[in-house]
Protein chains: 2
Amino acid sequence: MIRYAGMAERRVTPGGDEAAFLETYRPGDFPRPSVAVDLVVLTIEDCDLRLLTVQRNEHPFKGKWALPGGFLRVGPSRTAQGEGIDDAAKRELHEETGLPEGSVFLEQLGAFGAPNRDPRMRVVSVAYFALVRPTLAPLVRPGGDVRKVRWQSVSDREPAGLAFDHDTIVSSALRRVRDEIDRSHIAFELVPDTFTIQQLRAVHEVVKGTPIDPGNFRKRFLRMIDDEILEQARGKRLTASKPAQVYRFRAPPT
Amino acid sequence: MIRYAGMAERRVTPGGDEAAFLETYRPGDFPRPSVAVDLVVLTIEDCDLRLLTVQRNEHPFKGKWALPGGFLRVGPSRTAQGEGIDDAAKRELHEETGLPEGSVFLEQLGAFGAPNRDPRMRVVSVAYFALVRPTLAPLVRPGGDVRKVRWQSVSDREPAGLAFDHDTIVSSALRRVRDEIDRSHIAFELVPDTFTIQQLRAVHEVVKGTPIDPGNFRKRFLRMIDDEILEQARGKRLTASKPAQVYRFRAPPT
DNA sequence: TAAATAGTGTCTATAAGACATTATCTC
DNA sequence: GAGATAATGTCTTATAGACACTATTTA
C-alpha cells in the first residue's frame with residue numbers, strides 16, 4: 001500500500017498544546033517529491049530575443065540543452081528548513097551564470113508538476129523568468145555544475161529542442177512576458193541604464209514580434225515622462241545620423 | 001553535513017545510455033520538502049465576495065481557520081510518480097467541498113515556499129484559486145479530513161485570521177482575480193448559467209470593490225454580444241419592477 | 001399613478017493607429 | 001548637399017467615464 005502525506009499526518013497523537021505537539025512531532029514516512037527551480041533567462045541581443053540554456057552533462061538528456069536551475073536546498077529538521085524558493089532561484093541564477101547579485105530582474109512564473117516530467121523521480125519545478133540587460137549578457141559564464149552555456153535565439157529555436165518539459169516552460173514564460181510588457185515596467189529590464197526611445201521601441205518590437213509605429217510609440221513614451229516614470233538623461237546616443245536623446249527609468253516610489 | 005539534491009545526483013555513476021542509466025538510478029538520500037496544494041475558493045453571495053475556509057482539527061493551528069487543501073500524492077517509484085499538481089488541486093477541491101467535478105473554475109496562482117511557513121516540516125505549497133457559481137455555493141459540504149467549512153466574507157475578514165501563510169495567499173489571489181476580471185472571462189464563472197446585465201455588473205463591482213456606472217457597463221456588455229461572447233437567452237428575470245433580459249456566456253471557440 | 005429598475009443616448013476626455021511632415025545630425 | 005534617422009503633428013477611430021433621459025413593469 002502506498003502511503004500519502006495526509007494519512008501519515010493523522011497517525012500523530014493529538015491533544016496537548018501546540019508547542020508540545022511540535023516538540024514530539026515526527027513527519028510521516030511517505031514519498032516526497034524533489035522540488036527544483038528552473039530559470040527562463042532572457043535577454044535581447046542584435047534585436048533578437050535570446051534564451052539562456054545550459055548543456056546537460058549527465059543523464060537523463062545527456063548532451064541536450066536545458067534550462068538552468070537546480071534543486072531546492074531543504075534543511076534536515078523542522079527548525080532548520082533550508083532556503084526559500086525565491087532564494088533558491090536567485091542562488092542558482094548567480095551560481096550558474098556568474099551574473100552579479102541584484103543585477104537581474106527575477107519573477108516567479110509558476111509550478112510545473114506533472115508526473116513523469118523527470119524520468120528519474122518525481123520532481124515539482126517552480127519556474128522563474130529572469131530579464132538580463134544586454135550590457136550584462138556577454139558576462140555570462142558557466143558556473144556550478146554547468147560546463148556549457150549559450151544564448152539561443154528564441155525565434156529560431158527547434159519546437160522540441162529542450163530537455164524535460166522545458167519547452168513548455170519557455171512557452172509559458174514568453175506568453176507571460178509578452179503579456180506583461182504592456183502592463184508593467186519590465187521592458188526597462190531589457191535596456192541599458194540609459195537608453196533612447198528607439199532602443200526601448202526595439203525591445204517592445206522584439207518581444208511582441210510585431211513592428212510598432214515610431215510616432216505612436218513616442219507618444220506613449222512621452223506620457224511616461226509626464227507620469228515621472230522616465231526622465232531625460234544627460235548626453236545623446238551617437239548613431240550614423242542624427243543623435244538621439246537619452247533617457248533613464250525612474251524606479252516608481254511604490 | 002547537510003546533503004542537498006545536487007550533490008546526491010553527482011554520486012550516480014555516469015556513462016552508458018539513458019535507458020541503462022535510468023534502470024540503475026537510485027535517488028540520493030537528501031531531505032525533500034512535502035508539496036501541498038492550497039485552494040482559494042471564492043464565490044459571491046448577497047453581493048459580497050466570500051472565501052471558503054475550513055477549520056483545522058489538528059495541530060498546528062488547531063481550531064483556526066485555514067484554506068482547504070492537502071498534500072500532493074507522490075508515487076513510490078520513478079515509474080509510478082503519482083498524481084499531477086493540477087489533479088491534486090482538483091481532487092482536494094472536490095473531496096473537501098463535495099462540489100461536482102468540472103463545475104468549478106480552477107487556475108494555478110503560484111508556489112509559496114518560504115522556510116518555516118509550516119512549523120512541522122518543510123512544505124512548499126502550490127496555490128490555486130477557484131471560482132464557484134453562487135448557485136453551487138450552498139451545496140458545499142465538508143468532506144475528507146474536513147469537519148467544518150464556512151463561507152467567510154472577504155471584506156470583513158480579520159487581517160491575520162488564517163493559519164500558516166494563508167492570509168498572504170488569499171491577498172495574492174484577490175490581486176490576481178481583480179486583475180484578471182477586466183482582461184478575461186472569469187466574471188462569467190461567478191454568475192449562474194443565465195444572468196442579467198445587472199448581475200454581471202454586480203460581480204464586477206464586488207470583485208473590484210467600486211461602483212460601476214450601469215450605462216457604461218452596458219456598453220461594454222453589448223460589445224461582447226457583437227463579439228459573440230454573449231448571447232441572449234430566452235426568458236426574463238423577474239424583479240420587484242421591470243423584468244430584465246437574460247443572457248448566456250458562449251464559450252469562445254479557442 | 002407612483003415607485004423602481006431596465007434600458008438608451010449624449011458629451012467629453014483619452015488613447016491607439018495610420019501616416020505625413022519637419023528637424024537635425026553625419027558624411 | 002545628400003542621406004538618414006530623430007522628432008513632431010494630424011486625422012480617424014475606439015473606448016471609458018460622467019450623467020441625463022426614456023421605457024416598462026409591479027404594486
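Within every chain, numbering begins at 1; the chains are lettered A, B, ... in the order of the sequence lines, protein sequences first and strands thereafter.
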**OP:** Measure the distance from CE on B:Met224 to C1' on D:dT15 and round it to the nearest whole Å.
**Re:** 14 Å
**OP:** Strictly below 4.0 Å, heavy-atom distances to any atom of DNA chain D: list the hits from residues 226-234 of chain A, or just say none.
**Re:** none
Original post:
So does B:Arg223 get a side-chain nitrogen or oxygen closer than 4.0 Å to the phosphate oxygens (OP1/OP2) of D:dA14?
Top reply: no
Ignoring hydrogens and angles, write down the donor-acceptor pairs under 3.5 Å from the side chains of residues 133-144 of chain B, residues two or more places apart or on other chains.
unit_1	atom_1	unit_2	atom_2	d
B:Arg133	NH1	B:Phe188	O	2.7
B:Arg133	NH1	B:Val191	O	2.9
B:Arg133	NH2	B:Glu189	OE1	3.3
B:Arg141	NH1	B:Pro138	O	3.2

Original post:
Short question: side chain of B:Gln245, backbone of B:Ala233 - any donor-acceptor pair under 3.5 Å?
Top reply: yes
Original post:
Could you run down nucleotides 19-27 of chain D 5' to 3' and tag each one B, S or - for protein heavy-atom contact under 4.0 Å?
Top reply: B---BBBS-
**OP:** Could you tell me whether A:Arg183 and A:Asp179 make a salt bridge, using a distance below 4.0 angstrom between a side-chain N and a carboxylate O?
**Re:** yes
Original post:
Does anyone know the first and last nucleotide of DNA chain C in reach of chain A, 5' to 3', at under 4.0 angstrom to a heavy atom?
Top reply: C:dA15 to C:dT26
**OP:** Mind calculating the distance between CG (B:Asp182) and C1' (D:dA16) to the nearest angstrom?
**Re:** 12 Å
**OP:** Only one of B:Gln199, B:Arg237, B:Gln232 passes side-chain contact (heavy atoms from CB on, under 4.5 Å) with B:Thr194; say which it is.
**Re:** B:Arg237
Original post:
To the nearest angstrom, how far is B:Arg220 atom CZ from D:dT15 atom C1'?
Top reply: 10 Å
Original post:
Taking NZ, NE, NH1 and NH2 as the nitrogens, is one of them in B:Asp213 or B:Lys219 under 4.0 Å from a carboxylate oxygen of the other?
Top reply: no
Original post:
Which sits closer to the 5' end of DNA chain C, B:Arg218 or A:Lys219, going by the nucleotide each is nearest to?
Top reply: B:Arg218
Original post:
Any salt bridge (charged side-chain N to carboxylate O under 4.0 Å, His left out) pairs touching residues 36-45 of chain A, not counting sequence neighbours?
Top reply: A:Asp38-A:Arg117, A:Glu45-A:Arg50
Original post:
Of all heavy-atom pairs between B:Leu230 and B:Phe249, which one has the smallest distance, and what is that distance?
Top reply: CD2-CA, 3.8 Å
**OP:** Answer yes or no: is there a donor N or O on one side and an acceptor on the other, between the side chain of A:Gln55 and the main chain of A:Lys64, under 3.5 Å?
**Re:** no
**OP:** Report the distance from atom CG of B:Leu222 to atom C1' of D:dT15, rounded to the nearest whole Å.
**Re:** 14 Å
**OP:** Return the value, rounded to whole Å, for the distance between atom CZ of A:Phe217 and atom P of D:dA6.
**Re:** 13 Å
Subject >> Any pair counted as salt bridge (charged side-chain N to carboxylate O under 4.0 Å, His left out), so long as it reaches residues 104-114 of chain B, sequence neighbours left out >> reply: B:Glu107-B:Arg176
Original post:
OP1 or OP2 of D:dA6 less than 4.0 angstrom from a side-chain nitrogen or oxygen of A:Gln198, does that happen here?
Top reply: yes
Subject >> Validation row, ring centre B:Phe221 to ring centre B:Tyr247 under 6.0 Å >> reply: yes
Original post:
Between A:Arg150 (side chain) and A:Thr53 (backbone), is there a donor-acceptor pair under 3.5 Å?
Top reply: no
